[in-house]
Amino acid sequence: MHTNETTAPATARSMNLPFRRKVTYAFTDLSGNLLYCIISSYALYYFTEVYGLSVGAAGTILLVARFFDGFDAPIWGIIIDHTRTKWGQSRPWFLWMAAPFALFVWLLFTVPPISDPTARTIYAGVIYVLAGISYTGMSTPITSVLPNLTSDTNDRTVANTFRMVGGNIGNFFAVTFILPLATKIGGASNSRFGWSVGVGIYAVIAVVLLVIAFVDMREQNITKIKPITIRESFKAAKRNWPWMLIVLANCIFWMGLTARTSTLPYFAQYNLNNKNLISTLNGISIIQVVGMAAVPFLVRYMHKFGSTIFGFAVAIVGQIGLAVSTGNLALFIVFWCVSCIGTGIACSLFFEMVGDTVDFGEWRNNVRASGFLTAIGSSFCIKMGAGIGAFIPAQIMNAFGYVDNKAQTATSLSGIEFSFIWVPLIIFALGILPMVIYRYFERNESKVTADLKACHAIGA
C-alpha cells in the first residue's frame, strides 16, 4: 500500500488535543450555527411573513438554491485539499471566510429597497445562494480539519462532542432569541428593520468566534501531505461505500430536522394559537445537548451505527408523542424534548463518521482527500437536506391552502400539522436504513486504522 501522505510516526499524530483546543474547536460550529440556524429555522417564515413572498415562491427558492450546492460543496473540498499555507490546510479558511459568511447572512435578512416583486424575488434567491456558498466555505473546514487534528478515533469522538455541544449552543441562541430580538428592535411596525439589526449583531459575534478559533487551532503534520489532483479527489470516493452511506443518511437526517424546525413557527402560531411558543419551544430544544453529551457513552456500548439508529428511534417516538399530545401543552413539551434529544444523538455522529470515511478512502484507494470527502459528507448534506426539508413542507402547506398572515382554514391547519409532525417522522424512519448497512463497515474500522498507522510509519 502507498499513500499520498508522508508523516511522522503514528504516535506523534495520535497526540491528544488539549482541553482548550477542544473548546476553541467548538467555537467554529458555535459561530456557524449562530447564523446558519437562523436560515434553516426562519428563512421560510421570514420570506413569507416579513419579506413578503408567497409560500410557494419561498419554498422554490429554498429548493433551487440547493442545486448549486451540488457543485459548490465538492469544489470547496477540492480547494481545501489544495490549500497549502503556514497555518495549515483547513484552518486558514476560518479566517478567510468569516467576514463573507457573516455579510451574506446579514444581507439575506435585510430587505433591499426594490419595489418590483420579480426583482425582489430574484434578489432573495441570489443572496440565499451566496449565503449558502459562503457557509460551505466556512463549514467544510470544521469537519475536514478533524482528521488532521488527531488520528486517535476516541479523541476525535470527544473533540466532535465538544463541537456538537458548541454548535447546539449556537443553535440555541439563534432559534431562541433572534425572533424576540428582532421584535424588540423593530417593534410591531418595523419588523424588517428589527431583523436586519438583530442578525447584524449575531454576525459580528460569529466573526469574533471564528477568529478566536483560527488563532488557537493547530493541524498536525499538514505540511507533509502532498497535493492531490482533482481526479485523485474523486478517486477517494470510488468504492468508498461507508462514505456513500453516510452522505445518504446525513442528507436524510437534515431533511427531517429542517422539515420540523421550519414548520415549528407555523404550528405554534396557527395550530397552538400562541406565537410566543415559537421562541419557547426553540429555546427548549437546547435539551438536545443531553443527547450529544451522551454520545461517547452510547458509542461504547452500541457503536456508532447503533447509537445513530437509537437517536433516530428516539426522535420518532418523540414525533409520535407530539401527535397524541397536541391538546396538552405540558405533555407536548415533554415529547418535544424527547424528539430533540433523539436528533441530538443522531446529528452528532455523522460528522465523526465522515472523518472515519476519509481514513477508509485512503486505505481503499491510496488517496487522502479529507476536504473533498468531508465537504460532501457534511456541508453538502446539511444544505441539500435543509433545502429539500424546507421545500417539502412548503409545497404541502401550499397544496393545503396556507395563506400567510391570515386565519387558517381547517384544511390548511391539517397541512401544517402533517408537515410538522408526520413528515419528519417518515424521513427519520428512512434514515435508519443506510445505518443498518453501515454497521458492516464499522466492524473493520480498527483494521483500517492499524493498517494506516503501519503505512505512515513505514513512509516516515
Side-chain angles (χ1 to χ4, degrees), residues 35-72 104-135 178-179 182 186 190-196 199 254-255 257-271 275 278 382-409 411-420 423:
L35 294 180
Y36 192 75
C37 285
I38 297 177
I39 299 177
S40 61
S41 296
Y42 287 109
L44 183 61
Y45 181 82
Y46 172 82
F47 280 152
T48 58
E49 306 294 317
V50 180
Y51 196 88
L53 300 180
S54 69
V55 68
T60 301
I61 288 177
L62 299 182
L63 178 65
V64 171
R66 297 289 69 88
F67 286 99
F68 287 91
D69 298 329
F71 299 97
D72 79 332
F104 286 124
V105 174
W106 175 72
L107 288 175
L108 181 63
F109 289 93
T110 301
V111 179
I114 301 175
S115 58
D116 181 67
T118 301
R120 290 176 70 245
T121 301
I122 294 174
Y123 174 87
V126 170
I127 296 299
Y128 187 80
V129 169
L130 292 175
I133 292 174
S134 62
Y135 172 71
I178 188 59
L179 184 57
N190 200 348
S191 60
R192 293 180 176 181
F193 176 75
W195 275 92
S196 179
V199 173
W254 286 100
M255 285 172 56
L257 183 67
T258 304
R260 190 183 72 185
T261 57
S262 64
T263 53
L264 171 62
Y266 300 97
F267 188 83
Q269 180 171 338
Y270 297 111
N271 293 65
K275 189 175 181 179
I278 300 174
I382 292 173
K383 295 199 296 179
M384 183 61 72
I388 298 174
F391 174 78
I392 292 174
Q395 298 310 307
I396 292 174
M397 289 165 54
N398 191 46
F400 276 72
Y402 168 82
V403 180
D404 62 282
N405 288 312
K406 298 284 181 64
Q408 304 302 316
T409 64
T411 302
S412 62
L413 289 174
S414 64
I416 294 173
E417 180 178 359
F418 181 78
S419 300
F420 174 67
V423 169

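Scope of the values below: all heavy atoms of this structure, side chains included, with no hydrogens, waters or symmetry mates. All values derive from a computational prediction rather than experimental measurement.
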Holding to side chain to side chain donor-acceptor pair (under 3.5 Å), I want the full list of residues that pass it with [X], two or more places apart in sequence or in another chain.
| X | value |
| --- | --- |
| Trp254 | Asn250 |
| Thr409 | Ser412 |
| Tyr128 | Arg66 |
| Gln395 | none |

Please examine the side chains of [Y] and [X], heavy atoms only from C-beta on, and report whether any two atoms are closer than 4.5 Å.
| X | Y | answer |
| --- | --- | --- |
| Pro265 | Tyr42 | yes |
| Phe418 | Met397 | no |
| Trp195 | Leu179 | yes |
| Ile39 | Tyr46 | no |

Pairs satisfying side-chain hydrogen bond (donor to acceptor under 3.5 Å, both in side chains), at least one member in residues 113-122, at least two apart = none
So which pairs with a foot in residues 259-271 pass side-chain hydrogen bond (donor to acceptor under 3.5 Å, both in side chains), sequence neighbours left out?
-> Tyr45-Gln269, Thr48-Tyr266, Arg260-Ser339, Arg260-Thr343
To the nearest 0.5 Å, what is the distance between CD1 (Ile382) and CG (Leu257)?
-> 10.0 Å
Measuring from Asn398:CG to Thr60:OG1, what's the distance to the nearest 0.5 Å?
-> 8.5 Å
[X] side chain to [Y] backbone, donor-acceptor under 3.5 Å:
| X | Y | answer |
| --- | --- | --- |
| Lys383 | Gly132 | yes |
| Ser41 | Ile38 | no |
| Ser419 | Gly415 | yes |

Those residues that, when tested against Tyr51, pass ring pair (Phe, Tyr, Trp, His ring centres under 6.0 Å) (two or more places apart) | Phe47
Could I get the full list of ring pair (Phe, Tyr, Trp, His ring centres under 6.0 Å) partners for Trp106, not counting sequence neighbours?
-> none
For [X], all residues meeting side-chain contact (heavy atoms from CB on, under 4.5 Å), sequence neighbours excluded:
| X | answer |
| --- | --- |
| Ala394 | Leu44, Val55 |
| Phe400 | Ile396, Thr411, Ser414 |
| Ile127 | Leu107, Leu108, Tyr123, Leu130 |

Of the non-hydrogen atoms in [X] and [Y], which two are nearest, and what is the gap between them?
| X | Y | value |
| --- | --- | --- |
| Ala390 | Thr258 | N-CG2, 3.9 Å |
| Ile416 | Gln408 | CD1-CG, 4.5 Å |
| Gly125 | Ile61 | CA-CG2, 3.8 Å |

